[in-house]
Number of protein chains: 2
Amino acid sequence: MRKATGKMVSTDMQNSFTEENYLKIIHSLSGREGLEVSTNALAESTATRAASVTDMLRKLADKGLIHYKKYQGVRLTDLGEKVAIKVIRKHRLWEVFLVEKLGFGWDEVHDIAEELEHIPSEVLVEKLDAFLGHPRFDPHGDPIPDSKGNLTEPDYLILTDVHISEKVLMMGVLDHAPAFLQYLDRSNITLGCIIEVKEINDYDKSAFVQINGAHTLFISLEVSKNLLVQRL
Amino acid sequence: MRKATGKMVSTDMQNSFTEENYLKIIHSLSGREGLEVSTNALAESTATRAASVTDMLRKLADKGLIHYKKYQGVRLTDLGEKVAIKVIRKHRLWEVFLVEKLGFGWDEVHDIAEELEHIPSEVLVEKLDAFLGHPRFDPHGDPIPDSKGNLTEPDYLILTDVHISEKVLMMGVLDHAPAFLQYLDRSNITLGCIIEVKEINDYDKSAFVQINGAHTLFISLEVSKNLLVQRL
DNA sequence: ATATATTTTTAGGGTAATCTAAATTTTTTA
DNA sequence: TAAAAAATTTAGATTACCCTAAAAATATAT
């Protein structure tokens, strides 16, 4: 546990690698509605202990990046949100670079982008964005915030919400784990493919689906829950 | 000042950002002959105090990365050399990327490459190298080590060694400072241009030179000392 | 060759980010 | 609603990297 230092709050201060990660994770855990995020949830996501999280929360609160009252969980301030979105923009642009330009698979880029996202240079991000042709989505279908910090989450369906005989377009994934993405590769489920739900098993909600009007396969509820789709 | 910890020495351990910077700087200061580097020289180059350098040297020696005897200066071990060359390879490849692909000027890329060079992924470096077409030199004319760690420094002349009426090819710069590179830009002195020495002033060694058989200009000894060239 | 100056190392601390263990607050349950 | 459980915070350390001041070793100069 650390003491308060009472430093000045400046607008263009540097945020450390660790601070940026906290902000990004708080953004992601608080979701679209900006719900309060718990200390334990952060401990889990940052792979640290709750006590360490508490220390960092005090620090982020002192810097004006989060709203924090002891025992009450945290939310991002407007400033914190701005910083988080910048990090997310960088992460997703680097992922596009790694897949589109360097030829990585979508299952290989997360950890590398996790490092690249903390490289601090506004002009670098803008030049990278232009080089990539101002992409709107990353290789997993996640939207890329624009240079002004606008992030619009498209409202996709989850495949579990789709009824029998409906055809949908595959738009993104919720789980970014390499094992899941590799499973999709092996099943020929790619961004933009057409999925038609043929049957749903009442008992376990597993489904029989057809991909691009061609091959068919069974997918478990666990898989359906992680596929973002859109009606045709 | 820190105590020895007596940790195991493993071949594929992680080196921190700071450690990698020390190795890179030791490599650069010890030159082609692998001369001993002094504590003060390292303090200067790392922008830290001599006492901090001593601490880090003990640590690098414990990890088997440098040869270090108190008061005697340091040299890289074979392992340290290998690590240093990997960092240099990454730095120079990223500089090529920033200039060739993102459109940065050669005066703008040093600080950004300084960050990118510490991103740890062998496969990233190899894919980047392939994407760039396996460049042999970075935007300042410095040679890029190959994937096996071979670094061959071409033996260029310094412009001060060139006699009157000789024509030489501009191959690189010793000083990477933005101000110097911007001066060269304004003077139309670029990598690959032809420089003919027309006159040398005996008093201050300033010179009158012609660029690409076209425009002529005066350059100071300070400038000549930082230009690497090769006879035609 | 000895005195002086310079360089380097040691001693003792500080900060950021982490930890374990214990105390405290909030939530759940009987 | 009081007791038990869970979540969170505080207390006190640890590690990596950095600092100043003082001591020790080396280099330079008279």
Side-chain angles (χ1 to χ4, degrees), chain A residues 1-9 13-26 29-30 35-63 65-75 114-115 118 120, chain B residues 1-10 13-26 29-30 35-63 65-75 83 114-115 118 120:
Chain A
M1 196 248 167
R2 287 286 145 260
K3 311 289 137 11
T5 48
K7 287 246 182 69
M8 270 291 119
V9 177
M13 65 182 133
Q14 317 266 23
N15 300 296
S16 72
F17 189 105
T18 311
E19 288 166 2
E20 288 189 351
N21 271 333
Y22 268 82
L23 296 175
K24 191 184 56 167
I25 291 169
I26 293 168
L29 292 179
S30 65
L35 299 173
E36 310 275 325
V37 177
S38 75
T39 300
N40 266 356
L42 283 168
E44 162 111 47
S45 290
T46 57
T48 63
R49 299 316 187 108
S52 312
V53 173
T54 300
D55 279 354
M56 183 56 70
L57 293 184
R58 184 202 308 289
K59 188 178 164 196
L60 293 173
D62 286 349
K63 289 180 106 174
L65 295 162
I66 60 171
H67 295 292
Y68 172 53
K69 289 225 182 69
K70 290 200 298 190
Y71 299 99
Q72 303 308 135
V74 290
R75 277 181 308 111
E114 207 71 5
E115 304 277 336
H118 302 291
Chain B
M1 195 253 167
R2 289 287 144 256
K3 310 290 137 12
T5 47
K7 286 246 181 69
M8 270 292 120
V9 177
S10 124
M13 67 184 132
Q14 318 267 21
N15 300 296
S16 72
F17 189 104
T18 310
E19 288 165 1
E20 288 188 352
N21 272 333
Y22 269 82
L23 296 175
K24 190 184 55 167
I25 291 169
I26 294 168
L29 292 179
S30 65
L35 299 173
E36 310 274 325
V37 177
S38 76
T39 299
N40 266 357
L42 283 169
E44 163 111 47
S45 290
T46 57
T48 61
R49 299 317 188 104
S52 311
V53 172
T54 301
D55 278 355
M56 183 57 71
L57 293 184
R58 184 201 307 288
K59 189 180 163 194
L60 293 173
D62 286 349
K63 289 180 107 175
L65 295 161
I66 59 171
H67 295 292
Y68 172 53
K69 289 227 181 66
K70 290 201 298 189
Y71 297 100
Q72 303 308 136
V74 290
R75 280 181 306 111
V83 174
E114 207 70 5
E115 303 276 336
H118 302 291

The answer to which of Ala47(A) and Tyr71(B) contacts DNA chain C further toward the 5' end, by nearest nucleotide, is Tyr71(B)
Between Thr46(B) and Thr48(B), what is the shortest heavy-atom contact and its length? OG1-OG1, 2.8 Å
Residues from residues 17-24 of chain B sitting under 4.0 Å of DNA chain C, heavy atoms only? none
Classify Thr39(A) by what it touches in the nucleic acid, base, sugar-phosphate, or nothing, heavy-atom distance under 4.0 Å. sugar-phosphate
Checking Glu115(B) now: which residues fulfil salt bridge (charged side-chain N to carboxylate O under 4.0 Å, His left out) with it, not counting sequence neighbours? none
Can you find a side chain N or O atom of Thr54(B) that sits less than 4.0 Å from OP1 or OP2 on dT9(C)? yes
Side-chain heavy atoms of Thr18(A) within contact of Met56(A), under 4.5 Å: yes
Under the side chain to side chain contact (heavy atoms under 4.5 Å, CB included) test, residues paired with Ser30(B) that sit two or more places apart: Val37(B)
Is any NZ, NE, NH1 or NH2 atom of the basic residue among Arg49(A) and Glu44(A) found under 4.0 Å from an Asp or Glu carboxylate oxygen of the other? no
Which is more 5' along DNA chain C, the nucleotide nearest Ser38(B) or the one nearest Arg49(A)? Just name the residue. Ser38(B)
Heavy-atom pair with the smallest gap, counting every atom of Ala43(A) and Ala50(A): CB-N, 3.7 Å
Does dA7(D) have its OP1 or OP2 closer than 4.0 Å to a side-chain nitrogen or oxygen of Lys70(A)? no
